[in-house]
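Please read the structure below before turning to the comments.
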Amino acid sequence: MPSLPDMMTPDAAALAKAAGKGEAIPLAAGTPEHDLFTGLLRLGDNALILGHRVSEWCGHAPVLEEDIALANVALDLIGQTQLWLGLAGTVQGRRRSADDLAFLRDAWDFRNLLLVERPNRDFGHTLMRQFLFDAWHQPVLKALEESTDPRIAEIAAKAGKEVAYHLERSADLVIRLGNGTEESHARMQDALERLWPYTGEAFIGDEIDARLAEAGLMPRPEALRPDWEATVRAVLDEATLHAPQDDFAQTGGRQGRHTEDLGHLLSTMQWLQRAYPGAAW
Amino acid sequence: MYAQMVKTDGKGIKPDAEMTPEERRFQARIDAGEKIEPKEWMPDAYRQTLIRQIGQHAHSEIVGQLPEGNWITRAPTLERKAILLAKVQDEAGHGLYLYCAAETLGVSRDELTEALLSGKMKYSSIFNYPTLTWADIGAVGWLVDGAAIMNQVPLQRTSYGPYSRAMIRICKEESFHQRQGYDIMMKMAQGTPEQKRMAQDALDRFWYPSLMMFGPSDKDSVHSAQSMAWKIKINTNDELRQKFVDQTVPQAEYLGLSIPDPDLSWNEDKGGYDFSQPDWSEFFAVLKGNGPCNRDRIEARQQAWDDGRWFRDGLSAHATKAQARRAASKVAAE
């Protein structure tokens, strides 16, 4: 076997300069900066990916009022993305903007829940996904308002107001469709069963979550479960829907292992930035 | 406005002597600049013409969501994505105001939707053209919304109250739409060679279809004369087209883009540009259904309508059940 040339570059600064914006050297794992950066990506990527999914409906919703309401939700989520990823870029300290993080990372660097990348399917599936997410999103933002980092608390307070409305709306529609016609009930029950395995992931913490919670920056994922369960149980009861008994959870999104769907979503979303590197839009 | 070639039922303007007393009073109110309100008497032809015109405008807003929606998932930055979403959302909102205005004339939104899907009612020819690059989103805002504004600003003074009020709200938002479109064009025109190419290509493809938006010359049209007497049309198509060209040419020059018309030239005598007419045979072909995207647009609307049926039925069923429960508990309480 021929010997391979030495690819090691001892000069980290030269490497950083050569790498350019898109490929900043990663923060060292286990450092407080890396923990906070990851925590912020987890929040920002949820908003980004769900906002993108919801925006796919624009112009195609079943009634005009829903088209308008969905666009509002997508707009709120994109706005939240700008705040969370903007702060993530600041914490990372590599001069990457929210846009750089959104458009120039590959799938394995995304930290969103698998739930939010699941495809839209029918409108009932989209609403159920939204409800299961909103029921988690509201308590997480409420807890983040108490963060020891005032930048986080401020974003959470702003986003919390928007998400209170998202939850009110998605819960109301789940109830009405669950307890509507036979067909709407069946569709909502089917959506619930399909999405259920993707709900558990939000409550399984790792060592990064533990350290963030220890520092008072973000809540422990496990701590959010009772709130979520209470909301979901009450709404499903009123909707005459039944949560599956199986509590198996698909996991990996928060660590960067995603479903096949995310790659397709990114190849659409990032296409212009990738095809014309360095152009300003 | 996005209405083209709206027919009136009349055969031109009735001479004063042939009008009934009601018609004469009605025309006098319009001439005096009064607004006609939903419950007031109006000639049937006025009502039917307005339904066609407002309906066509509403449909244009709804179908118009599609070519721009085509780029929401590919918008190049978070800010552009948010702006485009907000704009397409505004269009849904415009559709909603306009359907509501049409409802005051006695036609339901569902009836209008059925008429759109069956091809009985039209929408603006412009939305049958595809959006092929990101620069098209700029061109649609700059040219298409620009052309729409030309028509909508005078329509704020239209004689039918609900239509006039809808137009006032719509105009506020349209000027934001046009500015965001021009802003995209600026970025592209000042950008990389590929971006400039996209910008010029978008102008090349959208220029003539934008001129068609005003409709063919109507200086001899009996329908237009009647609509103008009723003040549901304020200017002729040619007047508006001229105004649009005069406004747009310097904007293109500022961008460093060229209008795809070798015969375009400033005419000192008329104080406006001379320009080439669009290919009107293409226009009529598009109206007939043979534009690049006619079938795709209607199919997309049809699919949204069909796929949404269970959703609409579910909400209605829930409302009925809730009403029955309320009635039952009222009986129990008594």
Side-chain angles (χ1 to χ4, degrees), chain A residues 48 51-72 74-75 78-79 81-82 85-86 97-99 101-103 122-124 127 173 175-188 239 265 268-273 275-276 278-281, chain B residues 58 61-82 84-86 88-93 95-96 99 109 113 133-134 184 187-188 190-192 194-195 198 300-301 303-322:
Chain A
L48 173 61
H52 184 94
R53 279 288 185 230
V54 174
S55 80
E56 291 173 355
W57 274 102
C58 194
H60 302 274
V63 279
L64 219 37
E65 286 82 349
E66 286 306 313
D67 219 302
I68 294 170
L70 274 187
N72 268 336
L75 277 168
I78 292 164
T81 305
Q82 288 173 302
L85 293 187
S97 66
D99 280 338
L101 290 171
F103 292 95
D122 70 8
F123 202 69
L127 286 173
L173 285 170
I175 290 167
R176 292 203 273 159
L177 294 168
N179 191 8
T181 59
E182 214 172 291
E183 183 182 4
S184 71
H185 176 86
R187 283 178 184 264
M188 297 313 281
L265 183 153
T268 302
M269 186 177 85
Q270 298 181 335
W271 173 71
L272 269 178
Q273 288 271 1
Y276 301 97
W281 303 92
Chain B
E61 298 283 358
I62 300 310
V63 177
Q65 287 186 279
L66 298 171
E68 290 182 279
N70 182 38
W71 279 89
I72 287 176
T73 56
R74 288 177 290 172
T77 68
L78 294 168
E79 192 186 6
R80 290 287 180 206
K81 191 184 181 77
L84 183 57
L85 246 175
V88 180
Q89 182 191 37
D90 281 349
E91 278 149 18
L96 200 53
Y99 284 129
R109 202 202 303 179
T113 302
T133 75
W134 174 250
I184 291 176
K187 268 270 194 274
M188 305 289 282
Q190 294 164 1
T192 64
E194 291 98 335
Q195 287 176 305
M198 288 181 212
R301 290 312 311 160
Q303 197 187 341
W305 184 247
D306 292 347
D307 290 354
R309 180 164 291 120
W310 72 268
F311 172 85
R312 297 189 299 272
D313 291 349
L315 294 191
S316 306
H318 180 82
T320 310
K321 283 184 196 174

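Each chain gets a letter, A, B and so on, in the order the sequences are listed, and its residues count up from 1.
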**Message:** For A:I175, which atoms come within 4.5 Å of any heavy atom of chain B: side chain, backbone, both, or neither?
**Reply:** both

**Asked** So what's closer than 4.5 Å to chain A heavy atoms on B:I184: side chain, backbone, both or neither?
**Response** neither

**Asked** How about B:Q303: does its CD atom have over 12 heavy atoms from other parts shown lying under 6.0 Å from it?
**Response** no

**Message:** For B:L66, which atoms come within 4.5 Å of any heavy atom of chain A: side chain, backbone, both, or neither?
**Reply:** side chain

**Prompt:** Do you know which of A:N72, A:L265, A:T81, A:D122 has the most heavy-atom pairs with chain B at a distance under 4.5 angstrom?
**Reply:** A:N72

**Prompt:** Do any N or O atoms from the side chain of B:R301 and from the backbone of A:G59 form a donor-acceptor pair under 3.5 angstrom?
**Reply:** yes

**Request:** Please flag which part of B:R309 lies under 4.5 Å from any non-hydrogen atom of chain A: side chain, backbone, both or neither.
**Result:** neither

**Request:** Answer with side chain, backbone, both or neither: which region of B:D307 has an atom nearer than 4.5 Å to a non-hydrogen atom of chain A?
**Result:** neither

**Proximal component of A:I68, with respect to chain B [non-hydrogen, under 4.5 Å]** = both

**Prompt:** Taking atom CG of B:L78 and atom NE2 of A:H52, what is their separation to the nearest 0.5 Å?
**Reply:** 11.5 Å

**Message:** Counting neighbours of CD on B:E79 that are heavy atoms of other residues, nucleotides or ligands and sit closer than 6.0 Å, is the number greater than 12?
**Reply:** no

**Request:** Under 4.5 Å heavy-atom distance to chain A, tell me which part of B:A75 shows up: side chain, backbone, both or neither.
**Result:** backbone

**Complete:** Max heavy-atom pairs within cutoff under 4.5 Å with chain A, candidates B:T133, B:I72, B:L315, B:V63, goes to B:L315

**Message:** For A:F123 together with B:W310, are the ring centres under 6.0 Å from each other?
**Reply:** no

**Request:** In sequence, state the C-alpha distance, the side-chain angles, and the governing distance for A:L272 and A:F103, and then conclude on side chain to side chain contact (heavy atoms under 4.5 Å, CB included).
**Result:** CA-CA 9 Å; A:L272 269 178; A:F103 292 95; over 6 Å; no

**Request:** For each of B:T192, B:L85, B:D90, tally heavy-atom pairs with chain A at distances under 4.5 Å, and name the one with the top tally.
**Result:** B:L85

**Request:** Would you mind checking which part of B:Q195 comes under 4.5 Å of any heavy atom in chain A, side chain (CB onward), backbone (N, CA, C, O), both or neither?
**Result:** side chain

**Prompt:** Quick one: of A:Q273, A:Q270, A:H185, who has the most non-hydrogen atom pairs under 4.5 Å with chain B?
**Reply:** A:Q273

**Item:** Segment of B:R312 engaging chain A (4.5 angstrom heavy-atom cut-off)
**Value:** side chain

**Message:** As an exercise: rank A:R187, A:E56, A:E182 by heavy-atom pairs under 4.5 Å with chain B and give me the winner.
**Reply:** A:R187

**Request:** Mind ranking B:G314, B:S316, B:P76, B:G64 by heavy-atom pairs under 4.5 Å with chain A and telling me who comes out on top?
**Result:** B:P76

